[in-house]
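As C-alpha coordinates, the structure follows; a few thoughts come after it.
Atoms within each ligand, like the ligands themselves, are counted from 1 in listed order. Note that the structure is a prediction, hence the values are computed from the model and not measured. The first residue of the sequence shown is numbered 1, and numbering continues consecutively from there.
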Amino acid sequence: MSIFRSASFKLTVFYVLIVMIISVSFSVVVYQISSNEIGTCMNRPALYIKGLSNDNPIRSLANELERMRGEQIGQSRNHLLTNLINFNLLILVLSSVASYFFARRALRPIEEMMEAQSRFTADASHELKTPLTAMKSEIEVSLRDKKLGSAQAKKLLVSNLEEIGKLENLSSALLELARYENKSEKNLEALSLSEVLTSAFEKVEKFAKAKNIEFETDFSDLKVRADMQSLTELFVVLFDNSIKYSPVKSKITVSYKKEMRHVEIKIKDEGAGIKKEDLPHIFDRFYRADASRNKAQSGGYGLGLAIAKSIVELHGGTISVSSKAGKGSIFTVKLPLL
Ligand code: ADP
(Lines give C-alpha, C1' and ligand atoms only; values in the text may rest on other atoms or scores of the structure.)
Protein backbone atom coordinates (compact mmCIF):
# COMPACT_ATOMS: atom_id res chain seq x y z
CA MET A 1 0.00 0.00 0.00
CA SER A 2 1.37 3.39 -0.99
CA ILE A 3 0.29 4.95 2.31
CA PHE A 4 2.70 2.55 4.03
CA ARG A 5 5.50 3.33 1.59
CA SER A 6 5.25 7.03 2.42
CA ALA A 7 4.91 6.26 6.16
CA SER A 8 8.05 4.06 5.95
CA PHE A 9 9.87 6.89 4.21
CA LYS A 10 8.83 9.44 6.86
CA LEU A 11 9.79 7.09 9.69
CA THR A 12 13.15 6.39 8.00
CA VAL A 13 13.86 10.13 7.73
CA PHE A 14 12.88 10.56 11.37
CA TYR A 15 15.21 7.74 12.52
CA VAL A 16 18.08 9.03 10.35
CA LEU A 17 17.58 12.52 11.73
CA ILE A 18 17.87 11.27 15.32
CA VAL A 19 20.99 9.22 14.53
CA MET A 20 22.60 12.12 12.65
CA ILE A 21 21.89 14.63 15.44
CA ILE A 22 23.64 12.27 17.89
CA SER A 23 26.51 11.54 15.48
CA VAL A 24 27.14 15.19 14.52
CA SER A 25 26.95 16.34 18.18
CA PHE A 26 29.39 13.59 19.12
CA SER A 27 31.74 14.63 16.27
CA VAL A 28 31.62 18.31 17.30
CA VAL A 29 32.56 17.38 20.87
CA VAL A 30 35.38 15.09 19.64
CA TYR A 31 36.66 17.84 17.34
CA GLN A 32 36.60 20.47 20.12
CA ILE A 33 38.42 18.27 22.63
CA SER A 34 41.03 17.02 20.14
CA SER A 35 41.59 20.48 18.73
CA ASN A 36 42.13 21.93 22.20
CA GLU A 37 44.52 19.11 22.99
CA ILE A 38 46.50 19.82 19.81
CA GLY A 39 46.51 23.56 20.65
CA THR A 40 47.82 22.90 24.15
CA CYS A 41 50.68 20.77 22.75
CA MET A 42 51.52 23.62 20.42
CA ASN A 43 51.52 26.19 23.19
CA ARG A 44 54.18 24.49 25.32
CA PRO A 45 57.19 24.93 22.93
CA ALA A 46 55.85 28.38 21.94
CA LEU A 47 56.10 29.51 25.55
CA TYR A 48 59.60 28.06 25.75
CA ILE A 49 60.71 29.96 22.60
CA LYS A 50 59.19 33.18 23.92
CA GLY A 51 61.46 32.82 26.96
CA LEU A 52 64.65 32.67 24.80
CA SER A 53 66.63 35.91 24.32
CA ASN A 54 67.01 37.27 20.77
CA ASP A 55 70.76 36.65 20.71
CA ASN A 56 70.39 33.01 21.74
CA PRO A 57 71.93 30.90 18.89
CA ILE A 58 69.16 28.30 18.94
CA ARG A 59 66.43 30.97 18.66
CA SER A 60 66.22 30.94 14.82
CA LEU A 61 66.32 27.11 14.70
CA ALA A 62 63.62 26.97 17.35
CA ASN A 63 61.51 29.45 15.37
CA GLU A 64 61.80 27.31 12.23
CA LEU A 65 60.89 24.17 14.17
CA GLU A 66 57.96 26.02 15.67
CA ARG A 67 56.70 27.08 12.22
CA MET A 68 56.91 23.49 11.00
CA ARG A 69 55.13 22.32 14.10
CA GLY A 70 52.38 24.89 13.54
CA GLU A 71 51.89 23.60 9.99
CA GLN A 72 51.79 20.03 11.24
CA ILE A 73 49.16 20.91 13.82
CA GLY A 74 47.06 22.66 11.17
CA GLN A 75 47.31 19.56 9.00
CA SER A 76 46.38 17.36 11.97
CA ARG A 77 43.27 19.45 12.58
CA ASN A 78 42.30 19.24 8.90
CA HIS A 79 42.95 15.51 8.95
CA LEU A 80 40.76 15.13 12.03
CA LEU A 81 38.01 17.17 10.40
CA THR A 82 38.12 15.08 7.21
CA ASN A 83 37.98 11.87 9.25
CA LEU A 84 35.00 13.12 11.21
CA ILE A 85 33.18 14.16 8.02
CA ASN A 86 33.88 10.74 6.46
CA PHE A 87 32.72 9.07 9.65
CA ASN A 88 29.44 11.04 9.55
CA LEU A 89 28.91 10.22 5.88
CA LEU A 90 29.40 6.53 6.67
CA ILE A 91 26.94 6.82 9.58
CA LEU A 92 24.47 8.54 7.24
CA VAL A 93 24.62 5.69 4.71
CA LEU A 94 24.49 2.92 7.33
CA SER A 95 21.74 4.59 9.35
CA SER A 96 19.63 5.13 6.21
CA VAL A 97 19.76 1.43 5.37
CA ALA A 98 19.19 0.32 8.98
CA SER A 99 16.43 2.93 9.52
CA TYR A 100 14.54 1.80 6.43
CA PHE A 101 14.78 -1.79 7.64
CA PHE A 102 13.53 -0.92 11.14
CA ALA A 103 10.80 1.38 9.81
CA ARG A 104 9.48 -1.42 7.57
CA ARG A 105 9.66 -3.81 10.51
CA ALA A 106 7.80 -1.43 12.83
CA LEU A 107 5.05 -0.78 10.29
CA ARG A 108 4.67 -4.37 9.04
CA PRO A 109 2.20 -5.52 11.78
CA ILE A 110 0.01 -2.44 11.22
CA GLU A 111 0.13 -3.04 7.46
CA GLU A 112 -0.85 -6.69 7.93
CA MET A 113 -3.67 -5.68 10.25
CA MET A 114 -5.02 -3.18 7.75
CA GLU A 115 -4.74 -5.70 4.91
CA ALA A 116 -6.65 -8.25 7.01
CA GLN A 117 -9.25 -5.60 7.85
CA SER A 118 -9.85 -4.66 4.22
CA ARG A 119 -9.95 -8.35 3.20
CA PHE A 120 -12.52 -8.87 5.96
CA THR A 121 -14.65 -5.96 4.76
CA ALA A 122 -14.49 -7.23 1.18
CA ASP A 123 -15.41 -10.80 2.24
CA ALA A 124 -18.23 -9.61 4.49
CA SER A 125 -19.64 -7.36 1.74
CA HIS A 126 -19.46 -10.24 -0.73
CA GLU A 127 -21.27 -12.59 1.64
CA LEU A 128 -23.93 -9.97 2.36
CA LYS A 129 -24.37 -9.20 -1.32
CA THR A 130 -24.94 -12.80 -2.46
CA PRO A 131 -28.34 -13.36 -0.76
CA LEU A 132 -29.42 -9.80 -1.57
CA THR A 133 -28.66 -10.32 -5.27
CA ALA A 134 -30.53 -13.64 -5.25
CA MET A 135 -33.59 -11.99 -3.65
CA LYS A 136 -33.46 -9.03 -6.00
CA SER A 137 -33.33 -11.12 -9.18
CA GLU A 138 -36.12 -13.45 -7.94
CA ILE A 139 -38.36 -10.47 -7.20
CA GLU A 140 -37.54 -8.81 -10.54
CA VAL A 141 -38.35 -11.96 -12.51
CA SER A 142 -41.63 -12.41 -10.61
CA LEU A 143 -42.66 -8.77 -11.16
CA ARG A 144 -42.09 -9.14 -14.88
CA ASP A 145 -44.45 -12.16 -14.93
CA LYS A 146 -47.90 -10.69 -15.60
CA LYS A 147 -49.61 -13.98 -14.78
CA LEU A 148 -48.00 -14.40 -11.39
CA GLY A 149 -50.34 -16.52 -9.29
CA SER A 150 -50.61 -16.71 -5.52
CA ALA A 151 -48.84 -20.10 -5.44
CA GLN A 152 -45.83 -18.66 -7.27
CA ALA A 153 -45.87 -15.57 -5.07
CA LYS A 154 -45.84 -17.79 -2.00
CA LYS A 155 -42.91 -19.76 -3.41
CA LEU A 156 -41.07 -16.48 -3.95
CA LEU A 157 -41.73 -15.41 -0.36
CA VAL A 158 -40.48 -18.75 0.96
CA SER A 159 -37.30 -18.44 -1.06
CA ASN A 160 -36.82 -14.82 0.05
CA LEU A 161 -37.35 -15.86 3.65
CA GLU A 162 -34.57 -18.44 3.24
CA GLU A 163 -32.20 -15.76 1.98
CA ILE A 164 -33.21 -13.46 4.85
CA GLY A 165 -32.42 -16.32 7.24
CA LYS A 166 -28.93 -16.56 5.72
CA LEU A 167 -28.44 -12.82 6.13
CA GLU A 168 -29.58 -13.07 9.71
CA ASN A 169 -27.13 -15.91 10.42
CA LEU A 170 -24.31 -14.01 8.81
CA SER A 171 -24.98 -10.78 10.69
CA SER A 172 -25.21 -12.62 14.03
CA ALA A 173 -21.91 -14.42 13.29
CA LEU A 174 -20.30 -11.08 12.39
CA LEU A 175 -21.62 -9.44 15.53
CA GLU A 176 -20.41 -12.35 17.63
CA LEU A 177 -16.96 -12.17 16.07
CA ALA A 178 -16.75 -8.42 16.69
CA ARG A 179 -17.91 -8.93 20.26
CA TYR A 180 -15.22 -11.54 21.04
CA GLU A 181 -12.44 -9.78 19.15
CA ASN A 182 -12.97 -6.49 20.97
CA LYS A 183 -13.73 -7.93 24.35
CA SER A 184 -11.27 -8.13 27.22
CA GLU A 185 -12.65 -10.86 29.41
CA LYS A 186 -12.63 -9.57 32.96
CA ASN A 187 -15.51 -11.47 34.50
CA LEU A 188 -13.98 -14.92 34.49
CA GLU A 189 -15.25 -17.23 37.18
CA ALA A 190 -14.47 -20.73 38.41
CA LEU A 191 -16.39 -23.13 36.19
CA SER A 192 -16.76 -26.87 36.02
CA LEU A 193 -15.47 -27.97 32.63
CA SER A 194 -17.82 -30.93 32.41
CA GLU A 195 -20.77 -28.58 33.04
CA VAL A 196 -19.66 -26.37 30.15
CA LEU A 197 -19.16 -29.34 27.83
CA THR A 198 -22.54 -30.82 28.77
CA SER A 199 -24.29 -27.50 28.17
CA ALA A 200 -22.58 -27.21 24.74
CA PHE A 201 -23.50 -30.79 23.88
CA GLU A 202 -27.18 -30.19 24.73
CA LYS A 203 -27.24 -27.41 22.14
CA VAL A 204 -26.04 -29.67 19.30
CA GLU A 205 -27.53 -32.98 20.47
CA LYS A 206 -30.39 -32.89 17.96
CA PHE A 207 -27.99 -32.53 15.01
CA ALA A 208 -25.91 -35.47 16.24
CA LYS A 209 -29.05 -37.57 16.67
CA ALA A 210 -30.24 -36.65 13.18
CA LYS A 211 -27.02 -38.12 11.75
CA ASN A 212 -26.90 -41.00 14.21
CA ILE A 213 -23.55 -39.81 15.52
CA GLU A 214 -22.39 -41.15 18.86
CA PHE A 215 -20.68 -38.77 21.33
CA GLU A 216 -18.15 -40.48 23.57
CA THR A 217 -16.81 -38.60 26.57
CA ASP A 218 -13.84 -39.51 28.69
CA PHE A 219 -13.05 -37.14 31.55
CA SER A 220 -13.22 -36.43 35.25
CA ASP A 221 -14.24 -32.96 36.35
CA LEU A 222 -11.85 -30.01 36.43
CA LYS A 223 -12.22 -26.33 37.22
CA VAL A 224 -11.22 -23.58 34.80
CA ARG A 225 -11.40 -19.80 34.97
CA ALA A 226 -13.82 -18.88 32.23
CA ASP A 227 -16.94 -17.11 31.11
CA MET A 228 -19.78 -19.63 30.89
CA GLN A 229 -21.47 -18.20 27.82
CA SER A 230 -18.27 -17.73 25.78
CA LEU A 231 -16.80 -21.11 26.65
CA THR A 232 -20.06 -22.89 25.87
CA GLU A 233 -20.13 -21.07 22.53
CA LEU A 234 -16.59 -22.28 21.81
CA PHE A 235 -17.52 -25.94 22.26
CA VAL A 236 -20.79 -25.49 20.37
CA VAL A 237 -18.72 -24.33 17.35
CA LEU A 238 -16.31 -27.27 17.62
CA PHE A 239 -19.02 -29.89 18.22
CA ASP A 240 -21.19 -28.43 15.48
CA ASN A 241 -18.30 -28.61 12.97
CA SER A 242 -17.46 -32.18 13.96
CA ILE A 243 -21.08 -33.18 13.39
CA LYS A 244 -21.35 -31.21 10.13
CA TYR A 245 -18.23 -32.74 8.61
CA SER A 246 -18.73 -36.31 9.90
CA PRO A 247 -20.52 -39.09 8.06
CA VAL A 248 -23.66 -40.65 9.50
CA LYS A 249 -23.21 -43.35 12.15
CA SER A 250 -19.72 -42.16 13.07
CA LYS A 251 -18.23 -41.34 16.46
CA ILE A 252 -17.01 -38.10 18.08
CA THR A 253 -14.76 -38.42 21.13
CA VAL A 254 -14.36 -35.64 23.67
CA SER A 255 -11.58 -36.09 26.22
CA TYR A 256 -9.41 -33.95 28.43
CA LYS A 257 -6.05 -34.27 30.07
CA LYS A 258 -4.70 -32.31 33.00
CA GLU A 259 -1.24 -30.82 32.48
CA MET A 260 0.85 -28.78 34.95
CA ARG A 261 -0.96 -25.47 34.59
CA HIS A 262 -3.52 -26.10 31.94
CA VAL A 263 -6.06 -28.55 30.68
CA GLU A 264 -5.95 -29.99 27.18
CA ILE A 265 -9.36 -30.73 25.66
CA LYS A 266 -9.49 -32.88 22.52
CA ILE A 267 -12.43 -33.23 20.14
CA LYS A 268 -11.81 -36.06 17.71
CA ASP A 269 -14.05 -36.96 14.80
CA GLU A 270 -14.05 -39.53 12.01
CA GLY A 271 -15.13 -37.02 9.39
CA ALA A 272 -13.93 -35.61 6.10
CA GLY A 273 -10.70 -34.27 7.59
CA ILE A 274 -8.88 -31.18 6.35
CA LYS A 275 -6.32 -31.03 3.53
CA LYS A 276 -2.75 -30.11 4.46
CA GLU A 277 -2.87 -26.91 2.38
CA ASP A 278 -6.04 -25.75 4.18
CA LEU A 279 -4.76 -26.37 7.71
CA PRO A 280 -2.78 -23.09 8.14
CA HIS A 281 -5.86 -21.01 7.16
CA ILE A 282 -8.58 -22.88 8.96
CA PHE A 283 -8.89 -20.25 11.75
CA ASP A 284 -8.92 -17.30 9.33
CA ARG A 285 -12.13 -15.31 9.00
CA PHE A 286 -14.30 -16.43 6.07
CA TYR A 287 -12.00 -19.34 5.25
CA ARG A 288 -13.79 -22.45 4.04
CA ALA A 289 -11.83 -25.45 2.98
CA ASP A 290 -13.11 -26.60 -0.39
CA ALA A 291 -15.53 -23.66 -0.48
CA SER A 292 -17.99 -25.02 -3.03
CA ARG A 293 -18.50 -28.30 -1.15
CA ASN A 294 -18.83 -26.57 2.18
CA LYS A 295 -21.13 -23.70 1.33
CA ALA A 296 -23.70 -26.07 -0.10
CA GLN A 297 -23.14 -28.77 2.49
CA SER A 298 -22.80 -26.81 5.71
CA GLY A 299 -24.29 -23.41 4.94
CA GLY A 300 -21.38 -22.02 6.96
CA TYR A 301 -19.57 -18.77 6.32
CA GLY A 302 -16.14 -19.77 7.57
CA LEU A 303 -16.54 -17.67 10.72
CA GLY A 304 -17.05 -20.41 13.33
CA LEU A 305 -13.38 -21.24 13.90
CA ALA A 306 -12.39 -17.55 13.86
CA ILE A 307 -14.94 -17.00 16.67
CA ALA A 308 -13.60 -20.11 18.47
CA LYS A 309 -10.04 -18.78 18.26
CA SER A 310 -11.05 -15.37 19.64
CA ILE A 311 -12.84 -17.03 22.58
CA VAL A 312 -9.84 -19.24 23.39
CA GLU A 313 -7.46 -16.27 23.24
CA LEU A 314 -9.78 -14.30 25.48
CA HIS A 315 -9.29 -17.03 28.07
CA GLY A 316 -5.50 -17.05 27.69
CA GLY A 317 -5.49 -20.40 25.89
CA THR A 318 -4.59 -21.85 22.50
CA ILE A 319 -6.41 -23.84 19.85
CA SER A 320 -4.86 -26.13 17.23
CA VAL A 321 -5.89 -28.81 14.79
CA SER A 322 -4.34 -31.96 13.43
CA SER A 323 -6.06 -33.62 10.53
CA LYS A 324 -5.66 -35.64 7.37
CA ALA A 325 -8.08 -35.53 4.47
CA GLY A 326 -10.44 -38.47 4.75
CA LYS A 327 -9.06 -39.54 8.13
CA GLY A 328 -10.92 -37.26 10.55
CA SER A 329 -9.74 -34.29 12.63
CA ILE A 330 -8.63 -33.60 16.18
CA PHE A 331 -9.16 -30.10 17.57
CA THR A 332 -7.13 -29.38 20.72
CA VAL A 333 -8.01 -26.55 23.09
CA LYS A 334 -5.59 -25.65 25.89
CA LEU A 335 -7.00 -23.57 28.74
CA PRO A 336 -5.29 -22.37 31.90
CA LEU A 337 -6.41 -24.21 35.02
CA LEU A 338 -7.86 -22.37 37.98
P1 ADP B 1 -17.94 -23.11 8.59
O2 ADP B 1 -19.05 -22.28 9.08
O3 ADP B 1 -17.76 -23.06 7.11
O4 ADP B 1 -17.97 -24.48 9.13
P5 ADP B 1 -15.63 -22.71 10.28
O6 ADP B 1 -14.83 -21.49 10.52
O7 ADP B 1 -16.32 -23.31 11.45
O8 ADP B 1 -16.66 -22.35 9.14
O9 ADP B 1 -14.70 -23.79 9.62
C10 ADP B 1 -13.86 -23.41 8.56
C11 ADP B 1 -13.62 -24.59 7.64
O12 ADP B 1 -12.86 -25.57 8.35
C13 ADP B 1 -14.89 -25.31 7.23
O14 ADP B 1 -15.40 -24.73 6.06
C15 ADP B 1 -14.42 -26.72 7.01
O16 ADP B 1 -13.94 -26.87 5.70
C17 ADP B 1 -13.22 -26.87 7.95
N18 ADP B 1 -13.56 -27.64 9.18
C19 ADP B 1 -13.82 -27.15 10.40
N20 ADP B 1 -14.03 -28.13 11.29
C21 ADP B 1 -13.88 -29.29 10.62
C22 ADP B 1 -13.98 -30.68 10.97
N23 ADP B 1 -14.25 -31.08 12.21
N24 ADP B 1 -13.74 -31.58 9.99
C25 ADP B 1 -13.45 -31.19 8.72
N26 ADP B 1 -13.36 -29.92 8.33
C27 ADP B 1 -13.58 -28.97 9.25
message = List ligand 1 atoms under 4.0 Å from I274, heavy atoms only on the residue side.
response = 25 (C), 26 (N), 27 (C)
key: For L303, atoms of ligand 1 separated by under 4.0 Å from a heavy atom   = 6 (O), 8 (O)
request  = Measure from the ring center of F286 to the ring center of Y301 and say whether it is less than 6.0 Å.
outcome  = no
request  = Out of G300, A325, S329, G304, indicate the one that has the non-hydrogen atom closest to atom 2 (O) of ligand 1.
outcome  = G300
ask   = Any idea which atoms of ligand 1 are less than 4.0 Å away from a heavy-atom of K244?
value = 1 (P), 2 (O), 4 (O)
remark   = Grouping ILVMFWY residues whenever side-chain heavy atoms fall under 4.5 Å, the cluster of L156 otherwise contains I139, L143
message = Could you check whether any heavy atom of G271 sits closer than 4.0 Å to an atom of ligand 1, since that is the contact criterion I want to use?
response = no
query = Does any donor atom in the side chain of S329 or S323 lie under 3.5 Å from an acceptor atom in the other side chain?
reply = yes
ask   = Quick one: does A272 get within less than 4.0 Å of ligand 1, heavy atoms only?
value = no
ask   = Going through the checks in order, is the side-chain hydrogen bond (donor to acceptor under 3.5 Å, both in side chains) test met by K266 and T332?
value = CA-CA 5 Å; K266 284 192 188 290; T332 306; 3.2 Å; yes
query = Looking only at heavy atoms, is any part of F331 under 4.0 Å from ligand 1, and if so is it the side chain, the backbone, or both, or is it neither?
reply = side chain
inquiry  = Can you confirm whether or not the ring centre of Y15 sits under 6.0 Å from the ring centre of Y100?
reply    = no
request  = Find all atoms of ligand 1 within a distance of less than 4.0 Å from any non-hydrogen atom belonging to Y287, and give their numbers and elements.
outcome  = 10 (C), 11 (C)
